[in-house]
Amino acid sequence: MERLNIKQEINITEALMERINELLSHYPADKKKSALLPVLHDVQDAHDNWLSVELMDKVAEILEIKPIEVYEVVSFYTMFNQRPVGKYMFEFCQTSPCCLRGVENLMDYTCDKLGVKVGEPTADGMFEVRGVECLGACGYAPMMQLGDFFQENLTKDKIDQLIADCRDNKVILHDK
Amino acid sequence: MSKKILLEKTSIPGIKTYEVYRQNGGYASVEKALKSMTPDEVVEEVKASGLRGRGGAGFPTGMKWSFIDKKSGKPRHLVCNADESEPGTFKDRFLMEYIPHLLIEGMITSSYALEANLSYIYIRGEYMWVYKILERAIKEAYAAGWLGKNILGTGYNLDLYVHCGGGAYICGEETALIESLEGKRGNPRIKPPFPAVSGLWSNPTVVNNVESIAAVPWIVNNTGAEYAKIGIGRSTGTKLISASGHIKNPGVYEIELGLSVDEFMNSDEYLGGMIDDRPLKAFVPGGSSVPVLPANLIYKTANGEDRLMSYESLSDGGFATGSMLGSGGFIVYNDTACIVRNTWNFSRFYHHESCGQCSPCREGTGWLEKVLHRIENGHGREEDIDLLWSIQSKIEGNTICPLGDAAAWPVAAAIRHFRDEFEYHVRFPEKIKNRDHFVNEPFEKVRHLVGKQTV
């Protein structure tokens, strides 16, 4: 597991710890590891959407499992980020039904507008464009995920509006 | 108008809430099962219904339930597979988002049948807002006394939780899902032992799809015999179909199994025909993993019979002339779609989603993607088409789980039915420079360049 030379402040607040304890209560007392994925989602959300090695170690400590057990899970699943990412991550579905409805052209449009390539955050860290595999919204293609929510039936106008709304801090990322 | 079982109540305002769901007959199946039926009687009712697993494989649900080991003395579990990730498939999300208590009611009744006291709904992590909807609905069900200790004073206890994944298609495979639920990488397990004997935490476990579990309340309320009257032959009941691609009305539809493909495709009640009225080129009836069919085999089987929306009719003739109902992920392509590009897109998906445990899948899906990419991008060689055929044949049947087959079948079907399109890509690379190369010049118009007809 690569250690990035970027400091991440670890902030397990009382509210977050309460949520972790609630999640742990969903599994038998001797099966704490089962809570790992749900816990990682909440911990990541509370830490700018990425997980440093130090933060993963902290999760291992809370769940009383080995750090390697957290690393192997984080590196397997696509939703966990191992480096800092753009605050507003535009995750375009690039699977066939979305392609049939023109998602590739929309991705190009968004990248051009933001002046980035796929997988690169903007210089101010506000935006990042990513291509992901099927998000299960094929009938509402083309679409993308933004935080906890889906943005569907996308057009260039909708993308323009979303970018403006993000810049104005009007977009809610997480359903709390 | 098809009978509605699952979506019957979705248009009722406020049906997402417990109060409205209950006012509209919700949780009646729990009351009936717990107060007047034994667990085995519920299993028998589901067996009598002929309900087949709606996740894709189509295995009889009641039979799957009857395999669960009730004699081991170990705790038993029901796990709902809500890890909907098959390209083309988005039906389960609709049920969970619009009528979450239907799934919860089904989970309680089904858990009772299995004598399970701890059950889970495993939902894909990307459906985070649906996860929250389910979490809130479960809290409502606890508060109303449908979950927890001594439900309805019957002595039956059940705890139910929703659990989110982390973004991995393979976790839709039942043993990978179990591994993931145990907090591990989603690597499928070798079967046997089957989950019914050794599943979650080595306990007897049944894994069922959302749509299958959501059908159980109706079956218990109305009897399995009534359910079996709907549909055709061994394809009983209704099925959710999620439709996408080049059609006028994409979305989720509930149909009675046995409806003709023609009516589903072209009537205004359903898909409304092709967008922009362009010619139909191909369709995939059951999600990305099932074979694509060309236009001449869509409405009629090879024997000239009407093609129906049923397990049997869609697979008529095997993979030579048929496909599969699968998950009901119905993707439609018009004449501007490039089959090579689409097949490459599917192969990229399977390569990305392979867990990497089996060499034929880990390596083979990568090779399929690589060769398809070069053909699609104008660097293909004549021998590449046979190479693709060879690679897919070495993946199929040689992996622990069905992901290998799912990666191989679309490639095999694309070559089988559209070989001339692959040849066109190889022989005329200058004509496919643009990614939308068939939009202005559909392949039908340039077919004479290849000089062959589609098989």
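All values below were derived from every heavy atom in this structure, side-chain atoms included, with hydrogens, water molecules and symmetry-related copies excluded. Letters A, B, ... mirror the listed sequences (proteins, then strands); counts begin at 1. Computed from a predicted model, the values in this text were never measured in an experiment.
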Portion of [X] that has a non-hydrogen atom of chain B nearer than 4.5 angstrom:
| X | answer |
| --- | --- |
| A:E72 | both |
| A:L40 | neither |
| A:Y140 | side chain |
| A:E91 | neither |
| A:A141 | neither |
| A:H41 | side chain |

Of all of [options], which one pairs up most often with chain A through heavy atoms under 4.5 Å apart?
| options | value |
| --- | --- |
| B:S85, B:A337, B:G88 | B:G88 |
| B:R341, B:E182, B:E353, B:H352 | B:E182 |
| B:C338, B:P87, B:A168 | B:P87 |
| B:A243, B:G356, B:P250, B:P75 | B:P250 |
| B:G166, B:S244, B:G186 | B:G166 |

Non-hydrogen atoms of chain A under 4.5 Å away: do they reach the side chain of [X], the backbone, both or neither?
| X | answer |
| --- | --- |
| B:R185 | both |
| B:Y161 | side chain |
| B:V332 | backbone |
| B:L181 | both |
| B:I170 | side chain |
| B:S180 | both |
| B:F330 | neither |
| B:C355 | both |
| B:I275 | side chain |
| B:S242 | neither |
| B:E86 | backbone |
| B:E179 | neither |
| B:D436 | side chain |

**Asked** Taking all non-hydrogen atoms of both residues, which atom of A:L114 and which atom of A:T122 are closest, and how far apart?
**Response** O-CG2, 3.9 Å
**Request:** Heavy-atom pairs under 4.5 Å with chain B are the metric here; pick the option from A:A35, A:P97, A:C99, A:S75 that has the most.
**Result:** A:P97
**Request:** For chain B, find which of A:L36, A:I65, A:L135 contributes the most heavy-atom pairs closer than 4.5 angstrom.
**Result:** A:L135
**Item:** side chain to side chain contact (heavy atoms under 4.5 Å, CB included) assessment of B:E376 paired with B:H437
**Value:** CA-CA 10 Å; B:E376 166 61 8; B:H437 41 257; 3.0 Å; yes
**Prompt:** Mind checking whether A:F150 and B:F90 have ring centres under 6.0 Å apart?
**Reply:** no
**Request:** Go through the steps for A:D157 and A:Q161 under the test side chain to side chain donor-acceptor pair (under 3.5 Å), then give the verdict.
**Result:** CA-CA 6 Å; A:D157 287 347; A:Q161 189 61 51; over 6 Å; no
**Request:** Decide if atom NZ of B:K132 counts as having more than 12 heavy atoms of other residues, nucleotides or ligands within a radius under 6.0 Å.
**Result:** yes
**Prompt:** Just wondering, are more than 12 heavy atoms of other shown residues or ligands nearer than 6.0 Å to OH in B:Y98?
**Reply:** no
Would you call the rings of [X] and [Y] parallel, tilted or perpendicular if under 30° counts as parallel and over 60° as perpendicular?
| X | Y | result |
| --- | --- | --- |
| B:F349 | B:Y169 | perpendicular |
| A:F149 | B:W129 | tilted |
| B:F438 | B:F443 | tilted |

**Message:** On the six-membered ring of B:Y127, is B:R124 placed so that its NZ or CZ lies under 6.0 angstrom from the centre and within 45° of the ring axis?
**Reply:** yes
**Request:** Please lay out, stage by stage, how B:L280 and B:N334 fare under the test side chain to side chain contact (heavy atoms under 4.5 Å, CB included).
**Result:** CA-CA 4 Å; B:L280 170 63; B:N334 70 18; over 6 Å; no
**Request:** Using a 4.5 Å cut-off on heavy atoms from C-beta on, say whether the side chain of A:N81 contacts that of A:Q44.
**Result:** yes
**Request:** Determine, stepwise, if the pair B:W409 / B:F346 fulfils side chain to side chain contact (heavy atoms under 4.5 Å, CB included).
**Result:** CA-CA 11 Å; B:W409 291 343; B:F346 282 161; over 6 Å; no
**Message:** Using side chain to side chain contact (heavy atoms under 4.5 Å, CB included), reason through A:F127 and A:V116 one step at a time and then give a plain yes or no.
**Reply:** CA-CA 9 Å; A:F127 295 97; A:V116 291; over 6 Å; no
**Request:** Indicate yes or no for a side-chain donor-acceptor contact from A:Q8 to the backbone of A:W50 under 3.5 Å, with no hydrogens or angles considered.
**Result:** yes
